[in-house]
Every structure is written in structure tokens, then in C-alpha cells.
There are 2 protein chains.
Amino acid sequence: MASPHSSSAPPPPADLEALQKRIAALAPDLPKRLRQCAEWVLAHPDRVAVSTVAQLAAGAEAPPSAFVRFCQALGYAGFSDFQTVYREGYLWPDYGVRLEKLRARGDRSAPGLLAAFVEAGRDSLETLAKTLDPADLEAAAALLARARMIHVMGLRRAGPVAGYLAYVFEKMEIPAMNHDLAGRLERRAALRPGDAALAISFAPYSEETVAFAEAAAARGLPVVALTDTLASPLHPHIRRALLVKEADVGAFRPLTATLSLASALAVAVGMKREEALSE
Amino acid sequence: MASPHSSSAPPPPADLEALQKRIAALAPDLPKRLRQCAEWVLAHPDRVAVSTVAQLAAGAEAPPSAFVRFCQALGYAGFSDFQTVYREGYLWPDYGVRLEKLRARGDRSAPGLLAAFVEAGRDSLETLAKTLDPADLEAAAALLARARMIHVMGLRRAGPVAGYLAYVFEKMEIPAMNHDLAGRLERRAALRPGDAALAISFAPYSEETVAFAEAAAARGLPVVALTDTLASPLHPHIRRALLVKEADVGAFRPLTATLSLASALAVAVGMKREEALSE
DNA sequence: TTATTTTTGGAAAATTTATTCCAAAATTTG
DNA sequence: CAAATTTTGGAATAAATTTTCCAAAAATAA
């Protein structure tokens, strides 16, 4: 039966998955310092296995004693017991060997495909870093940062890129509009003086995006293009071109490098706007 | 020639890869016990970060003092120094901090940001290859390949991923439907027996996607999830989870690894369907 | 074989790390 | 507003881990 005192204290989780759930469940009810520990631990699970209490506590901006109390609140005797769960949960299958295996299984299996995509992605990123002209990027960011509103367009394969940019711009509270043709609406009237346009298109270039760039240019807006070749039909209409070349896996071309460039562009625009505001 | 003693040993490697090479190179010339240590360490690199000398020495069937001598033979002051290299080698680089540094240096330039995103992307891909369970990927692909129709849902940050998948599925003529909530329509009636669902969601998880997974599960459809933690609220409803962790740059997390995984999944589904047809 | 050098393992010392404790501060309750 | 309770942070203590040291064993050279 239960021991004379303490009917409570459910046994502490023994595997990482359960432990993380428990932490997440418990966090809201914890006092401030302990909650900081909980949140930091959830955000940096990789560090727990290889750090000392002092280091983790410092990360969570709490004293080590608070961290130990946090472990005890979860039902463990102390930090060491708690850490053990993370250590066992993080015994990684070893790593170079793993990629080798993925590759060895050949292109037909799903994991083999993943290996191919991972490798293609890394190549694309390397190429991007090597070939992109920093001056172009800088100039494109400056140009968009000055705009009252940024009009983004990208269809088909470029669609997700446009969607991602719209999302990031909104997150940063930068006025932006994604011309995604939902409901077949072209919304050209939204293109106003003082705005800027960002057209994303890859071969085979979709007519609508080219027409969009042309319309924006005709209204005097500066147009930045994110595209794959200098021969792109967007060319006559644009102020700056950012070129990305993606490595392909068979007939498929993931958007790895393109999205990294898009991210950098968006954040750069955000920073430039902040600077401008604080001046 | 060199001075009688201390021809000054070369500095010990500071990164994991170099260290492992050095160990392999040194091992054959080491005396028996130290060689045992070297070999055990090469065979179990994951343990080094989370064990004590005593544990590692026991694994290598040598006394702790031998293990310490082994570390010193590599040029480190002792075990602790040696272990640090392993610990840092398995940690996620913290791009938030790195971005801070870029800022502090006054390098708010767009190219500086791009460098950070490229590096974060490469790390994300590496981690993906390292941590994804091939069996999960294989099973998820098989599961979706059997479906009459694949229902995809992903909102906010996951939106572009859902969009990309829908695009690729269409390209491959795989029946798929993106539940993007355009026009606030939920279209639950489309979920029919024989179909499968693919839910994409990252912290903070959007309610709608969780509800979608729940609805699909309630109708008996197998649900595959593409998500970031085991603590995801999608968990109760799904058949298979594919976990991706993206490195973040400051508050921003590009979708590099996620899209590579999505690509591999989509192409694998396509291949499996072709195989099935030709039988 | 003997002398010399290298390697070995256990035990003691030094250091680092975890845990407890308690007075002060903050919060909640009456 | 005062009393009771909870939370906090640092200092003291306890525990663990690492490192050094040295005599004995093994290997090598003469």
C-alpha cells in the first residue's frame, strides 16, 4: 500500500518523450523562476544532456538552486536523476555511418531519397553563398525597405516562397500583400506610388507573374525579382535581380536555397526599416 | 632540430571531426590500454558527451587513469578538455547568439544575414539526416501511397509547406487536396474512407490543424504528421510522426529541412504508387 | 640474463559539481 | 493592513568526478 506519508507524487517520467510532455503540462502552474527553467529546458533540449546545473540555470536566468527545485517539482530526487533521462534519450545513433547507410540503400527507398535531397540542399546553399552578389542583395533590401507596401507575387513552384515571405513580413509588421490570385482576382489597383514589388518566378516562367512585374513597372514601382537565370522574361521590367540556382534531384527541385535567400532578404528589410525608424 | 624535450606538441583539435581523425591516426601507435580507449571512443562517439571517465573507461575495459592518459596523449590537459569537444560537437549552434554578434559588430548587412541563414540551413539538413528515423519515413510514404486521396493541411508557417506538397503531388498526378481554409471553408465532408491525411504543424501549433487531424482520425483515416516535437498536440491523433528540427536565426526559422523532407516524402509516395500500378 | 625503459592500475589528492539549508523577500490570505 | 505562506538566492555542505602520483609489472634493449 501507500507509504504512511505522501499519498501523492506520481512517479517521474522515465523516458524523454513523457518527460517533455510533463514539463509542458506543469510549466504554467509553476512559480516564476521554476517556470523559466521549464521553458528554457523545452526550448533547448539538446543542451540538457551535456551541461551542468550551473550552466543550465544560467541559461534560464535562475540560480542553480532554483533549477534543482524544478527537477524536484517534477518528482526527481535532484538534477542528476533528471539529467539521466535526457542523457539516455539523446544517445544518438552515430552519424556519419547513418548517412552512409541512407545512401547505400539506393535511390528507390524513401530514406535514400531523403539523403539525395539533403545533399542537393547542401549543394544549393553552398552555391548560393558563392554566387550571389552581395551588392545586389543589399540594394534589393534597401529598395524594399523604403517601400510603403511590398507587393509579392509567385505562382506554382514559386507559390510557397511568396507565401512564406508574406508570412514573415506580417510577423515583422511590414506592410505586404501577397498577390496569390485567390478568386482569380488580379488586384492591380493596389499597386500605388511609393510601393515596391517583389516578383518570384522560375523556368518555365508563368505569364501571370511576368504580367504582374510589367504592370508594376508601368506604374513606376521598383521591382525586385527572385529568379533563376538572367534570361528570365522578368528581366526587362526589374530594377534588381537576385539569382538562385537550385540543384535538382531527378525532375524535382526543392526550394532550399531559395527560401534561405528569401529569409535573409526579409530580415534584412526588417532591420533596415528599424534603423530608419530610430533615426 | 627540435629542442631536447617539448618539441611542442601540435595543438589538440578543437572540432569533433578533426578530433576523430586524429584519434584514428594515432590509435595504431598507442600502447594496448590506450588503444583500447581510442577504439572504444571511435565506436561509440555518442556516449562520450554524456558519460564520466569511469563509465567510458569501463566500456573500454581500462582503468580511468588510462583513459585520462589517452586524453593527454591527444594533447588535452585531461579528460574534461577532451570531453568538451564532444559536448560542443553535439550541440546546436545557437544562431540567435551569432546574429547578436553580427549585430554587435555593426554588421547589419544583408549579406551577413544571408551567411547566417545559409549556415543554419546546412546545419538543419545535417540534423535532419542524423535524427530522422528511416523506418518512420518509409512507413509514412507507404501509408500515403495507399490512399485514394491525400488531404494536406498546414497553416501559418507550415502553409508554404502544404502549398509546396500540393503542387508536387499535382505534378505527379497524385490526387491531393490542400485544406488551406481559403474562404473559411473547412470541407470536412471531403474526408472519405480510403483517404489519408497529412498534417503539418509547428510550435505554436495552430488549433485548426489539430482539429483537422482529430477529425480525420475520427473518420478512420490514417494521419501522418510533419511536426517539430514529440510534445506536439497532434500526437494523440496520428499514425506516424516525422520530426524535423530547424535551426533558427534569431527569431526566424526558415523551412530548409522541412521542405527537403517534404520533397523526399512526396517523391517516395509517387514512386510507390508507380510500383503498385506496374504490378 | 640483466639493465633500462615503458606501461599499468589502484589509491590519494584536488577539483568540480550537486544538493541542502535558511534568512530575506515576495506573495497570498484572512 | 497584518499574518501566514510561498518563493527566492546565496552560502555552506556533501557528493561526485577528475587528476596526479607512484610502486609494481611488462616490455624492450644490451
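First the proteins, then the strands, lettered A, B, ... as listed; each starts at 1. Predicted model, so just to flag it, every value in this text is computed and none were measured.
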Can you give the donor-acceptor pairs under 3.5 Å from side chains of residues 56-73 of chain B to other protein atoms, not counting sequence neighbours?
{"from": "Gln72(B)", "atom 1": "NE2", "to": "Ala77(B)", "atom 2": "O", "distance (Å)": "3.1"}

Are there any protein N/O atoms within less than 3.5 Å of an N/O atom in nucleotides 25-28 of chain D, and if so, which ones and at what distance?
none

Exercise. What's the CG-C1' distance between Leu30(A) and dT6(D), to the nearest Å?
Worked result: 13 Å
Any N/O pairs under 3.5 Å between the protein and nucleotides 25-28 of chain C? List them or say none.
none

Problem set entry | Under the side-chain hydrogen bond (donor to acceptor under 3.5 Å, both in side chains) test, residues paired with Arg122(A) that sit two or more places apart | Glu126(B)
Problem set entry | Between P of dT19(D) and CG of Leu56(B), the distance in whole Å | 12 Å
Problem set entry | Of residues 32-39 of chain A, the positions that come close to DNA chain D - non-hydrogen atoms, cut-off under 4.0 Å | Lys32(A), Arg33(A)
Exercise. Arg47(B): what forms a salt bridge (Lys or Arg N to Asp or Glu O under 4.0 Å) with it, not counting sequence neighbours?
Worked result: none
Exercise. Between Glu61(A) and Gln55(B), which has a closest nucleotide on DNA chain D that is more 5'?
Worked result: Glu61(A)
For this session: Summarise how protein sits on nucleotides 18-23 of chain C as a single string, 5' to 3': B when a protein heavy atom is under 4.0 Å from the base, S for sugar-phosphate-only contact, - for no contact.
Result: SBB---
Exercise. With Phe169(A), which residues qualify under ring-ring contact (aromatic ring centres under 6.0 Å, His included), at least two apart?
Worked result: none
Problem set entry | Degree of bending in the helix from dT1(C)-dA30(D) to dG30(C)-dC1(D) once both end axes are built from five pairs, to 10° | 30°
Seminar exercise, completed: For Tyr167(A), the ring-ring contact (aromatic ring centres under 6.0 Å, His included) test, sequence neighbours excluded, returns none
For this session: Check ring-ring contact (aromatic ring centres under 6.0 Å, His included) between Phe212(B) and all other residues, then give those that pass, not counting sequence neighbours.
Result: His179(B)
Exercise. With the threshold set at 4.0 Å, does a side-chain nitrogen-carboxylate oxygen contact exist between Arg240(B) and Asp136(B)?
Worked result: yes
Problem set entry | Presence of salt bridge, Glu138(A) and Lys272(A), under 4.0 angstrom | yes
For this session: Would you please name every residue forming a salt bridge (Lys or Arg N to Asp or Glu O under 4.0 Å) with Glu208(B), sequence neighbours left out?
Result: none
